[in-house]
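Below is one structure, written out as structure tokens; comments come after it.
The sequence lines fix the lettering, A, B, ..., with proteins before strands; numbering per chain opens at 1.
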Amino acid sequence: MNQAHILHPASRPVKLILEDGTEWNGWSFGSETPMAGEVVFNTAMAGYPESITDASYRGQILVLTYPLIGNYGVPGKQREHGMLKFFESENIHISGLIISDYSFDFNHWNADQSLADWLQEFKIPGIYGIDTRTLTKHLREEGAMLGKIVFDEDIPFVNPNLINLVDQVSTKEIIRYGHGKYKILLIDCGVKNNIIRCLLRRDTEVVRVPWNTDIQSVEYDGLFISNGPGDPKQCQQTIAHIRKAISGDKPVFGICLGNQLMGLAAGGDTYKLKYGHRSHNQPVLQLGTNKAYITSQNHGFALDDTTLPDGWEPLFRNLNDQTNEGIRHKTKPFFSSQFHPEASSGPTDTEFLFDEFIEKIKNFKN
Amino acid sequence: MVLKTSRQYSKILVLGSGALKIGEAGEFDYSGSQALKALREEGIYTILVNPNIATVQTSEGIADQIYFLPVTPYFVEKVISKERPEGILLAFGGQTALNCGVALYKSGVLEKYGVEVLGTQVKAIIDTEDRELFVQRLDEIDVKTIQSQAVSNMEDAYRAADKLGYPVIIRSAYALGGLGSGFCDNRDDLEKLAAKSLTMAPQILVEKSLKGWKEVEYEVVRDRFDNCITVCNMENFDPLGIHTGESIVVAPSQTLTNTEYHKLRALSIKIIRHIQIVGECNVQYALDPNSEDYRVIEVNARLSRSSALASKATGYPLAFVAAKLGLGHGLHELKNSVTLTTTACFEPALDYIVVKIPRWDLDKFEGVSHEIGSSMKSVGEVMAIGRTFEEAIQKGLRMIGQGMHGFVGNRGLQFDSLDNELRTPTDVRIFVIAQALERGMRVEDIHEMTGIDLWFLVKLRNIVRLKNMLEENHSLETTDIRLIKEAKIRGFSDFQITRLILKSPVEKIEEDMLKVRKFRKEAGIVPYVRQIDTLAAEYPAQTNYLYLTYSSISHDVVFQHDKESIIVLGSGAYRIGSSVEFDWCSVNALQTIRKEGYLGIMINYNPETVSTDYDMSDRLYFDELSFERVMDILDLEQPLGVVVSMGGQIPNNLALRLYAQSVPIIGTSPVSIDRAEDRHKFSMMLDTLEIDQPEWQELTSIEEIHNFTDRIGFPVLIRPSYVLSGAAMNVVSNKEELDNYLRLAVRVSRQHPVVVTDFIEQAKEIEIDAVASKGELIAYAISEHVEFAGVHSGDATMIFPPQKLYFETVRRIKKISRQVAKELNITGPFNIQFLAKDNDIKVIECNLRASRSLPFVSKVLKTNLIELATRVMLGKPVEKPKKSIFDLDYIGVKASQFSFSRLQKADPVLGVDMSSTGEVGCIGEDYYDAILKSMLSVGYQIPKKNILLSTGPIKDKVHLLEACHLLDNHGYEIFATPGTGDFLRGNGIPATILHWPDEKINPNVTEYIRNGLIDLVINIPKNLTQGELKNDYTIRRNSIDFNIPLITNARLAAAFITAFCKLDLEDISIKAWKEY
């Protein structure tokens, strides 16, 4: 649509090229760095600083369907527990940001810089002036597809799902947080800071270990499997380690990729969704109850819960498309959710799952 | 769909909200209609009590049984005892229904008849309504509320304010739209406001003011399984201090971060779980602009204006879902009615921005302040949808319909001091901001003076920057095409672009605008149609809920061009003179169009309406009713026809311009419409037909006016084309008044002519609402006004069928109507207003469109004249209804609702300009039954004992004499001002004389009114001018301010007095519509 450039004549033209050959012209507001990745869309209306620092977006070019972006700028880099207080990781993980109407002027008491400056700092391209609704409909109909952001010279497409993205985003060393009563071993596949914050608020000590750590060597009260990017089947080492853990009896809790890895470890199968769930308004039903929750989600793969072996059962189901939203073991303290109870960004209604995890640890310890 | 419910209900009572008033308007027609639909869908027998006869919800097929009765505990109990419903819904009729429900609960009526309250229980309602309880309940869960103290006398009020520290805000408990609320900067302010508020409510609240904080609202839904969702959040453009009904509002919030958004969202859910809401509720917050600190302002445990807005902003049918939840369904069991495949248990994702802007009509009132604040004064609102803030707000400012072309490019706005105007918000502050930006004021300074978030201001600055860039150009061909495209993306209309680039003079702008339109279309700059699909395109949606935007490259829908669709143009923002009645007409036209097998397409932008419910049409364009936007839609849809006669004056005014573009207008030709609208053409036509009309002339100098009045005498009605101050029309009784008016209020010149008309006193006003087909009269309804001519027809009390007309008068009215219908070759609805004195009939006005009284006469007649008119317009055969108006053995009375209590300082007197905000229509066994019901429905009460009379001119005194005898005979105590008292005593009626307000001698009128010693005030103005005598004004205004029923028309007063003297409350018939 080539909009909006009149008010900001310095903006450089840039295009998004999809693997089906369609081209989407807009103007650059981020870094003028060409990038390739998988193009996905998110329908959340707030929370861009949290979203784009979520490691689960690694390798993806993110389209925001909400048209007005950048309004409240980007918060500062204060730290708490050694983590950036207002972000979900140390980095911007997306490969590019596609929006409709960029707010060059921002205003918020907690803002330190503009979204544009922040993207430039991390060498991430951003495009505004794109009809993101038409683009989203295209992705919805054709499925998530590869794309590249091109300024002058062409670059090749890159399929992030063929890469072990988890290895890129996981911690390289063991990090310890807190001094609480319950020791949580956290397998970091690209963990969001807010998961750690949620655990720390519940009297825990969190030991964050690389994705491929052999956990049998570590002492813990409860095992946590984090969220992360890409195809879960790239994490065969983690799956093998979880399989060992669930042959024992200590509580295990997984979120998002953690749900898929737990399912794979249990013997189930996963598949790629046509265009995934990325939003703040996904309704899930706790099976066997009348309890429905609004959840924050960000995943492109899903667990096929019909493939689960005996002893396991689905825990939550998506009310819109009936996909799996969580599983649990029928007798042992293992459970996981496909959605994000830690939210950030998104609704916080399911944070109680962390309480249930701690509850299970307490019971186990007793 | 099989649904599990807690209990199967078979009969449910729904309470409506009565007449439209400031603070309680069309939104409750929408919510009530949705609730009734939700119930009927499950086979439940529904009973509705609502005297608002012009609403869609009181139409056939919406409820099973409809009572046009006051929504008060007395009448609702009568209906309950007659109908014996199992359950009652209280949340769908605004504060009126809620208050009535609480009263019925407290008096034990609901328990006595075993009526279950569905949805939120009364205890929870009381928790949210009683301020102290509310704070206590929220304290229990550590949710912060605004520090305040409930007081019931002045001493406690002072003490509370001293403790909290000024500025404080006064709120009155159980009030609609902030009635009796306001800011007090010091003790003096408090003295004035608190004293008044305490007369209206037993308890008022003194609270710490958080002026300048952000105001944010959430619409929250909860089911009996404790599942909760927030459907929408909204952010006020204006900071705290301006009532949310008076503020520009955006959805979703724009300046909140994720943590702020979700902190408030989570709190909302925590609150409704604790209070145990089942259904829908609204939580309002104050949010510190410099931290995440917050306060809960209030919780409304019912559907509200905001929930109607949220429904329209998101496509989520809140009222429908709330009704289902009241029946015991779970959110997860209901479907999303937009996608039809996904669940109703979700939170809509928007991919657009919505801007709501209030519509004020303060110019209609004498003496009213234009300042806006914590009490509501607006009479309507619009909702604009866009993909940039600039696009949405510019659309919205045009939709308001007060001659503005957007944020910039307007003329005729002059402000004395920008600083003062910025600091003191008024109904035009948004345009003050425009001027400030145009003069180069920094956004930081504007922010400092207004408290409006900088983000909104920088967006507005973008509009001004584009305006400046456009102005640098002088021809379309030399303008950078990207600039025009950008301007369209930022909401500029063709008109604005024409004015800014071509600098066209007024007489040429229309023509030039067409050039701009052609130019941009050729350059491929056209808007695209987008769907409101609730899920931001995540799932495919078959939704027909649409808007247009320039931030797009493709349409979401396919256009058939099969000439099977008919477009109905809606009524736009509710305003004084155009309200829910035109929505009823539009909805009925759509229904008929669809019943006849065509696709019905609606264009309208009023979120308070039923016509903008996407269930009502095959396609709903929630967009502007401007020439430009209607043409954009016509270009795309290429319909079989366009209906301009249902939505009142807005579409009517477009008729000729659309016709000039060869748009297929169905029904009466726009050429005929013009012949009726154009004063000169219409007058000539009447002369040709030898139909009498009051003498009039268009005059351009004071001398000409004097010559005219010398010839025909006084009084005369003056309609200026340029108003300096006050209302547009006025009646003057003598030369002195005339000169005064011409000097102070109007401009007379060749450019600004004045129409002067002979004003006929003591004349009856009669109206005919009719339908004609190719010039032949098919059906008609004649009604008469209770008041003599001089009271605007929209304010008058109307009787149908007429009771006091000569047969000869009726015969001649029919004859004239036939002549006019034939001459103008009318096909469709029309309305003619007549003056009748003796048997002398004069035509005063003719509208070739649906009129305000059409729903009333249709429902009393039980013949849907709109359905008939629409069929005629579609060229379908119709049978002439056989029923004659004289066959009715019952009577309908339409009475007007005024909202003077909200319009501080306004003189509550009726005149030639309309000032009512709503109306009711009641049916009775006889005239007195009907008039009593309708008067009680608009808030009058049968007085207990004391009546104050101040009856003005001698002819009115005489007119009221018989009524005064009745009062005396019925044991009423009469108080009177000196002249009236002497007159009454002279005629053998005892009266206690009270001194005039300015006499400062006791017993004094003011003292009696303020101390609540009077139950009814009848004050008849001395003459017809707006500038009434100070004493009379004081009496009237005090009556309003101290909540005492007031009547200012002698004929209405006589009718009301006679009615309540002849009938007791118990004598009033309790009959449903169908029983007549």
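In this pair, A:Phe316 and A:Phe339 present their aromatic rings perpendicular. The plane angle is above 60°, beyond the 30 to 60° band. Using cut-offs of 30° and 60° on the angle between ring planes, the pair A:His8 and A:Phe104 is parallel.
Distance CG/B:Leu334 to CG/B:Leu325: 6.0 Å, rounded to 0.5 Å. With rounding to the nearest 0.5 Å, the separation of OG in B:Ser551 from CD1 in B:Ile353 is 11.5 Å. Taking NE2 of A:His340 as the reference point, atom NE2 of A:His277 lies at 12.0 Å (rounded to 0.5 Å). Taken from CG in A:Asp321 to CZ in A:Arg317, the straight-line distance is 10.5 Å, to the nearest 0.5 Å. One distance of note links CD1 of A:Ile255 with NE2 of A:His299; it measures 13.0 Å at 0.5 Å rounding. For the atom pair CZ (B:Arg222) and CD1 (B:Ile271), the distance works out to 13.0 Å, reported to the nearest 0.5 Å.
The side-chain contact (heavy atoms from CB on, under 4.5 Å) check on B:Ser337 picks up B:Pro317, B:Tyr614, with sequence neighbours excluded.
Ion pairing of B:Arg273 with B:Asp226 is present here, as a side-chain N (NZ or NE/NH1/NH2) and a carboxylate O approach within less than 4.0 Å.
Heavy-atom pairs under 4.5 Å with chain B peak, among A:Ser103, A:Ser279, A:Ala343, at A:Ser103. When B:Ala266, B:Ser291, B:Pro252, B:Pro348 are compared by the number of non-hydrogen pairs under 4.5 Å with chain A, B:Ser291 comes out ahead. Of the residues considered (A:Thr65, A:Leu64, A:Asn71), A:Asn71 shows the highest number of contacts with chain B, using heavy-atom pairs under 4.5 Å. Interface summary for chain A: among B:Asp556, B:Asp223, B:Val443, B:Thr339, the most heavy-atom pairs under 4.5 angstrom belong to B:Asp556. Counting heavy-atom pairs under 4.5 Å between each of B:Arg461, B:Glu260, B:Lys263 and chain A puts B:Glu260 at the top. Put simply, of B:Asp453, B:Leu331, B:Thr341, the one with the most heavy-atom pairs under 4.5 Å next to chain A is B:Asp453. Of the listed residues (A:Arg133, A:Glu141, A:His280), the greatest number of heavy-atom pairs within a distance under 4.5 Å of chain B belongs to A:Arg133. Counting heavy-atom pairs closer than 4.5 Å to chain A, the top residue among B:Thr230, B:Asn336, B:Asp533 is B:Asp533. Note: A:Pro347 leads A:Pro347, A:Ser345, A:Ala46 in heavy-atom pairs under 4.5 Å with chain B. Ranked by heavy-atom pairs under 4.5 Å with chain A, the list B:Leu454, B:Val458, B:Thr257 is led by B:Thr257.
At a 4.5 Å heavy-atom cutoff, B:Asn233 makes no contact with chain A through either its backbone or its side chain. Using a 4.5 Å cut-off between heavy atoms, A:Gln322 does not touch chain B at all. If you measure heavy-atom distances from B:Tyr261 to chain A, the contacts under 4.5 Å come from the side chain alone. Residue A:Phe41 touches chain B through its side chain alone, counting heavy-atom pairs closer than 4.5 Å. Heavy atoms closer than 4.5 Å to chain A are found in both the backbone and the side chain of B:Gln531. Contacts between B:Glu292 and chain A at a heavy-atom distance below 4.5 Å involve backbone atoms as well as side-chain atoms. Contact of A:Leu319 with chain B is made through backbone and side chain together, with heavy-atom distances under 4.5 Å. For A:Arg140, the part lying near chain B is the side chain, with the backbone staying farther off; criterion is any non-hydrogen pair under 4.5 Å. Both the backbone and the side chain of B:Pro540 come within less than 4.5 Å of a heavy atom in chain A. Heavy-atom distances place both the backbone and the side chain of B:Leu535 under 4.5 Å from chain A. Of the atoms belonging to B:His555, it is backbone heavy atoms, and not side-chain ones, that fall under 4.5 Å from chain A. Interface residue B:Asp480: only side-chain heavy atoms are found under 4.5 Å from chain A. For A:Tyr48, no part sits under 4.5 Å from any heavy atom of chain B, backbone or side chain.
Atom NZ of A:Lys77 is surrounded by more than 12 heavy atoms from other residues, nucleotides or ligands within 6.0 Å.
Seen from the ring of B:Phe389, B:Lys459 does not count as a face-on cation partner, given the 6.0 Å and 45° thresholds.
In this structure a side-chain-to-backbone donor-acceptor pair under 3.5 Å is present from A:Asn281 to B:Glu347. Between the side chain of A:Thr289 and the backbone N or O of A:Lys291 there is at least one donor-acceptor pair closer than 3.5 Å.
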